[in-house]
Amino acid sequence: MGIREILEMASFIATTIGVPIAASGIFLLVLQTHLQRKQTRRDTLFALYSQLDTHEARQAREFIYRASPEALRLDSLTKSPEELKIVDETLANLERMAYPIVQGYLPSDDAFNLYGQVLLAVSWKLWPYIEDQRRLREVNGMGH
């Protein structure tokens, strides 16, 4: 057996061993990526739920639900710094929670299923306040 045959045999053996190992590596990489995405999704949902389920967040939502539309206008809220703080913190929470959804880290359906009705109700109640802020700052509607 010459050098050429030995090299061909070594190449064949390396290919025979290397291809399954490489295929296994690619499979494990794809599987790990899939599992990491699922874990990121679970972590993001848990983080959203944690922000929504604090005692302060529940009290803030209750205040917003019970407040009259006039009480949630900018001119009314500026007369009560405590209520203004509740509304501003609630809006800030909503914006922080929207970021992972807007960036695509979490499917919007997952977030909606988690607390969609609650967040829509809060947003609907606070919309006049948001519009008052925009008019005050002379900002168009694309920012919020």
Side-chain angles (χ1 to χ4, degrees), residues 4 6-144:
R4 182 178 176 146
I6 293 174
L7 289 176
E8 286 177 357
M9 183 60 74
S11 175
F12 173 75
I13 291 172
T15 302
T16 305
I17 294 172
V19 168
I21 290 174
S24 298
I26 291 171
F27 173 75
L28 288 175
L29 179 66
V30 169
L31 179 64
Q32 185 177 10
T33 302
H34 174 73
L35 293 175
Q36 181 64 38
R37 283 189 183 139
K38 284 180 75 171
Q39 182 66 39
T40 300
R41 183 176 167 192
R42 279 191 301 267
D43 291 347
T44 305
L45 275 171
F46 182 73
L48 290 177
Y49 181 76
S50 296
Q51 288 180 2
L52 286 169
D53 202 44
T54 66
H55 180 68
E56 295 81 15
R58 287 192 305 271
Q59 283 184 323
R61 287 194 305 273
E62 183 176 350
F63 164 74
I64 291 168
Y65 291 150
R66 294 176 188 257
S68 68
E70 298 81 28
L72 295 175
R73 300 303 298 238
L74 182 61
D75 53 347
S76 295
L77 287 170
T78 54
K79 296 174 186 169
S80 174
E82 185 176 307
E83 292 175 358
L84 180 62
K85 181 180 176 186
I86 289 170
V87 169
D88 282 340
E89 286 179 0
T90 301
L91 283 173
N93 268 342
L94 292 177
E95 289 177 353
R96 276 194 303 275
M97 291 168 51
Y99 182 79
I101 298 164
V102 170
Q103 293 300 313
Y105 301 139
L106 181 69
S108 58
D109 289 346
D110 286 351
F112 187 80
N113 291 335
L114 177 67
Y115 256 78
Q117 292 178 331
V118 172
L119 298 179
L120 283 175
V122 169
S123 300
W124 183 257
K125 288 279 294 209
L126 293 179
W127 196 253
Y129 173 72
I130 293 168
E131 288 179 332
D132 290 345
Q133 281 186 325
R134 287 178 180 165
R135 274 193 292 280
L136 182 67
R137 292 182 313 217
E138 298 177 2
V139 175
N140 68 17
M142 300 306 289
H144 258 290

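Just so it is clear, the model here is predicted, and its values are computed rather than measured.
Within the model, atoms CD of Gln133 and CG of Leu77 stand 9.5 Å from one another, a figure rounded to the nearest 0.5 Å. The line from CD of Glu131 to CG of Leu126 is 11.5 Å long, rounded to the nearest 0.5 Å. The NE2 atom of His34 sits 13.5 Å away from atom CG of Leu29, with the distance rounded to the nearest 0.5 Å. Rounding to the nearest 0.5 Å places CG of Leu45 at 10.5 Å from OG of Ser50.
Salt-bridge annotation for Asp132 and Arg135: present, with a side-chain N of the basic residue lying under 4.0 Å from a carboxylate O of the acidic one.
Applying the salt bridge (charged side-chain N to carboxylate O under 4.0 Å, His left out) rule to pairs touching residues 99-115 yields Arg41-Asp110, sequence neighbours excluded. Sorted by first and then second residue, the side-chain hydrogen bond (donor to acceptor under 3.5 Å, both in side chains) pairs with a member in residues 54-63 read Asp53-Arg58, His55-Gln59, Glu62-Arg66; sequence neighbours excluded.
Around CD of Gln32, the count of heavy atoms belonging to other residues, nucleotides or ligands within 6.0 Å does not exceed 12. With a 6.0 Å radius and a threshold of 12 heavy atoms from other residues, nucleotides or ligands, Glu82 has its CD atom at or below the threshold. Surrounding CZ of Phe46 are at most 12 heavy atoms belonging to other residues, nucleotides or ligands under 6.0 Å away.
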Run the numbers on Trp124 and Ile64 for side chain to side chain contact (heavy atoms under 4.5 Å, CB included), then give the verdict.
-> CA-CA 10 Å; Trp124 183 257; Ile64 291 168; over 6 Å; no
Does the pair Glu95 and Tyr99 meet the rule for a side-chain hydrogen bond (donor to acceptor under 3.5 Å, both in side chains), with working shown?
-> CA-CA 6 Å; Glu95 289 177 353; Tyr99 182 79; over 6 Å; no
Quick one: do Trp127 and Leu72 satisfy side chain to side chain contact (heavy atoms under 4.5 Å, CB included)? Show the steps, please.
-> CA-CA 9 Å; Trp127 196 253; Leu72 295 175; over 6 Å; no
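Contacts of Asn93 classified as side-chain hydrogen bond (donor to acceptor under 3.5 Å, both in side chains), with partners at least two apart in sequence or in another chain: Arg96.
At least one donor-acceptor pair closer than 3.5 Å links the side chain of Thr90 to the backbone N or O of Ile86.
The closest side-chain heavy-atom distance from Leu119 to Leu52 is below 4.5 Å.
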